[in-house]
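So that the names make sense, note that chain A is the first sequence line, chain B the second, and so on, each numbered from 1.
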There are 2 protein chains.
Amino acid sequence: MRPTVHDIAERAGVSLATVDRVLNGRPNVRGVTRARVEAAIADLGYVRDVAAANLAKGRVYSFAFILPAGDNPFMRTLEAEVRGIERQVSADRIRVGISVVPPFDAGRLADAIDAAVAAGVSGIAAVAVEDDAVVAAIDRAKAAGIAFVTLVSDIAQSARDHFAGVDNMAAGRTAGSLMARFLGDRPGPVAVLAGSMRLRDHRERLEGFAARLGAGRVLLPVLEGQDDPARAQALVGDILKRTPDLAGLYSLGAGNAGLVRALAEAGGEALVVIAHELTPETRAGLSSGLIAAVLNQDAGHEVRSAVRVLKARADGVPLHAAQERIRIDIFVNDNLPPEAGQSGADVSSVPE
Amino acid sequence: MRPTVHDIAERAGVSLATVDRVLNGRPNVRGVTRARVEAAIADLGYVRDVAAANLAKGRVYSFAFILPAGDNPFMRTLEAEVRGIERQVSADRIRVGISVVPPFDAGRLADAIDAAVAAGVSGIAAVAVEDDAVVAAIDRAKAAGIAFVTLVSDIAQSARDHFAGVDNMAAGRTAGSLMARFLGDRPGPVAVLAGSMRLRDHRERLEGFAARLGAGRVLLPVLEGQDDPARAQALVGDILKRTPDLAGLYSLGAGNAGLVRALAEAGGEALVVIAHELTPETRAGLSSGLIAAVLNQDAGHEVRSAVRVLKARADGVPLHAAQERIRIDIFVNDNLPPEAGQSGADVSSVPE
DNA sequence: CAATTTTTGATTTACGTACATCAAAAACTG
DNA sequence: CAGTTTTTGATGTACGTAAATCAAAAATTG
C-alpha cells in the first residue's frame, strides 16, 4: 500500500543505506544522489511511518507543563486535564510532566523553563507571564531546539511555536454584545469585576467588552478583586448595596465563588451577570439563575491541542491550524455539558 | 520502561509463545497457566503497544462514512471534514471511505451499510434515518463484529456503539432561553421555521424551544420549509408580511440561505432571529446583524470523534466518554471562528 | 502403562524504520 | 597513477508484537 524505504531505494536505484542517509540528513551523500532519492520520495509520495520510526528509535517524547500554583479553579482544572491526558497518550510514547510555580512570578517561571530544558524534554507548554526574563527563557529553549507552546496566556513577542488559548479581546467583545442584548432597553449602569488591570488578558477582555457595550450605557470604574473570592465577594456586595439600579455585571477574572455568594445574598433578580470559565461555582450560578451566561475556554481542548502541537513539532510534521484554534464557548443554563465525573470514572470500557 | 511481553513471560514463568496465546485468545492454554499469565499482566500493568502490534499485523483500519446527498450545506461540510481527515489519519493506518446516498432514503441507506459490511470494513459511521430497515442493517453490522457510530442523527434503539452528535432537545431549550432573554419584555409572537416535523431532530428542537420560551409568548404554527432555501424564503417572506408585530424567529433546520434573503428584503430591524448550523449563509447573517445567534454542532469534531470511537472499538480499547461529547456551540457576531480556508490551505508547515 | 491428545517451549520470520559496521567502489588529490 | 578521501552498498541488529512451525513435555485416555 504505502511506499516504504525499500520502494524508494528501488525507484532511485540506490541502496537502503543511502535512502536512510538522505532521510535522516546524514553526511556523505553526493548532491546528485541525494536529488535522485528526493525525487523518488516525491514521486512515490512517501511519508515516514512515524509509529515504526519511534519504535525503532525507542523514542520517548517528554513534555513539560508549567502551571501556576494557587486556588484559581481554572488553573486547577487545567492541571487535572494535564494529569488526565497522561494515561491517554502514554500509548503514543509520550510522557507528560507537570511543574507548578508560584503565580505571577516571572523569575520562578523562567527558572522552571530552564530546568525543563536542562532535563532534556522535547517540548514545553507554559502559562506565560509577560516579562523579559520569561521571553529570554523561552528563546533559550527554542535555541536548544525544544518545541514551546504558550498556554492560556500568550507572549506574542517570544519565539514560542504556538499559543493554545483564546483571543481575549474577542472574548470581551462577545461578553459586551451579549450584555447589550440581554439588557435591551433596561436602564442602569454596568459594573466590571476584574482580577488585576496589570494582567494583559484582563485588560484585553475589558477593552473588548467596553467596545461592544454601546455608547448609551454607563460603565462603572473597574473593581479589582485580585482573583480572590473573599475580595470579590466584598467588592460585589458593596457595589450592589451602593448602586441599587445596577443593570449588569461582567466578571472577567477568577474568584467567582465570592461573586456567586455576594449575588445570592443580595438576591437581585433583574441583574444580568456574565462571568468567565465554567467552574463548579459558575455552573452553580448558571443553574440557580444568578449568572446569565458564562464564557469559557475548554481546558481539555487547550491541553490536548498543546500536546498535539508539541508532538507535531517534535516529529517535524505539519499540523492543522484550524483544528488547533481554541474557541470561545458560550454557556447558558441549557447547553451546559454534563458535569465531569472524577477523573478515571468517565471511561467507558469495551464489552468484548 | 513499560513492560513488554518478555517481562510478562519472565514474571509468569512461561514462554513467549504462551503469553502470545493468552494475549490473543488463542486455544490450547490450561486454565491455571492462563490465570498465571493474566496475573502477571495485571501485576506489571502491561498494556499492549498498539503501534507495534499494528505494525506486526500489517493491519489497516478501513472505516466507511455514509452521508446523505443533496445541497444541505451542513452535510457538505461534514463530507468535506471526512475527506479532510483522511490524510491526517493515514499515518495511523486508517483509511476512510465515503459513500453518499439519497437523503431520507432508508432503503438505500440500509443497502449502503450492507455493502460496507460486505466490503469488510472494520467500522461504519452513518447519518441515520429512523427506519426499521436501517435498524436491522445496523444490527447486522454489529453482529458481524463491526463497530458502528451514528452521526448527527441517532437511532437509539439500534445496536450502534455510539452517537456522535448533539442533544437536540437541549439545543432547542438553549434556543428558547436565548430567545426569551433577547426579547425581554418586547411584545409580539414568535415563529418557527423547520424542515419537516417528520424528522425527529426537528421535533426535538421544537419541543425544547417551546418549553423555554415562556408561557406569555405566542408561538405561531410551525412553518415547514423542507430544508429548501426557495421554500424557506417564500414562507419567511410571507409571515413577515402578514405579521408586522413578529418579535422572534427560530430556524431549526436547513435552507437558511432563503431565510437570510427574506430577512434582507424585509429589512426588519427589531426581529430576533436564531438559526442552526454555522454555514456561509448564517455567518453572513450574523455579520450583517440579521441573525442574532447561531447554534452549531462542529462537523469537524463529530467526524474526528467518530473516527476515534471507531478506532477504539476496533482496538478493543476504552475511550474517554467526556471527550467524545459533542457540544452545542453558541455563536454571535463576536465569537465567530475565522472562516475556514480551502482544504489544505490551513496547514502550517514546520520550518526546520 | 502405552497410546493419544493437549499444552507448552523454543525458535524464526515479519512489519517499517533507525543505526552501526565494514567492505567496495568511485571520486578526488598531488 | 598511486594514494587518499568520499561515497555507496551490503548486511545485521534492534524496537515490541504477531504469527507460524516443530519439538518436547505434560496431561488425559482407554
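- One atom, CZ of B:Arg59, and another, C1' of C:dA14, lie 18 Å apart when rounded to the nearest Å.
- Using a 4.0 Å cut-off on heavy atoms, none of the residues of residues 2-10 of chain A approach DNA chain D.
- Distance CG (B:Asp49) to P (D:dA18): 9 Å, rounded to an integer number of Å.
- Between atom CG of residue A:Asn54 and atom CZ of residue A:Arg48 there is a gap of 9.5 Å, rounded to the nearest 0.5 Å.
- Atom CG in A:Asp315 sits about 14 Å away from atom P in C:dT17, given to the nearest Å.
- Put simply, A:Arg30 has a side-chain N or O that comes within less than 4.0 Å of OP1 or OP2 on D:dT8.
- In this structure, A:Arg83 does not pair ionically with A:Glu86, as no charged nitrogen and carboxylate oxygen lie closer than 4.0 Å.
- Salt-bridge check for A:Arg327 with A:Asp298: failed, with every basic side-chain N at 4.0 Å or more from each acidic carboxylate O.
- The distance from atom CG of B:Leu16 to atom C1' of D:dG16 is 10 Å, rounded to the nearest whole Å.
- Whole-Å rounding puts the B:Arg36 CZ to D:dA26 C1' distance at 13 Å.
- A salt bridge (charged side-chain N to carboxylate O under 4.0 Å, His left out) with B:Asp161 holds for exactly one of B:Lys142, B:Arg308, B:Lys311; it is B:Lys142.
- Among the protein residues, A:Ala53 comes within range of the sugar-phosphate backbone only, with heavy atoms under 4.0 Å from sugar or phosphate atoms but none that close to a base.
- By the 4.0 Å N-to-carboxylate-O rule, B:Asp7 lies too far from B:Arg2 to be salt-bridged with it.
- Distance alone, capped at 3.5 Å, places no donor-acceptor pair between the A:Asp154 side chain and the A:Phe163 backbone.
- In this structure, CZ of B:Arg93 is placed 15 Å from P of D:dT17, rounded to the nearest angstrom.
- One atom, CG of B:Leu55, and another, P of D:dA18, lie 11 Å apart when rounded to the nearest Å.
- For C:dG9, the OP1/OP2 oxygens have a side-chain nitrogen or oxygen of B:Thr18 closer than 4.0 Å.
- We find that NZ of B:Lys57 is positioned 18 Å from P of D:dG16, with the value rounded to whole Å.
- The stretch residues 20-28 of chain A touches DNA chain C through A:Asp20, A:Asn24, A:Arg26, each having a heavy atom under 4.0 angstrom from the strand.
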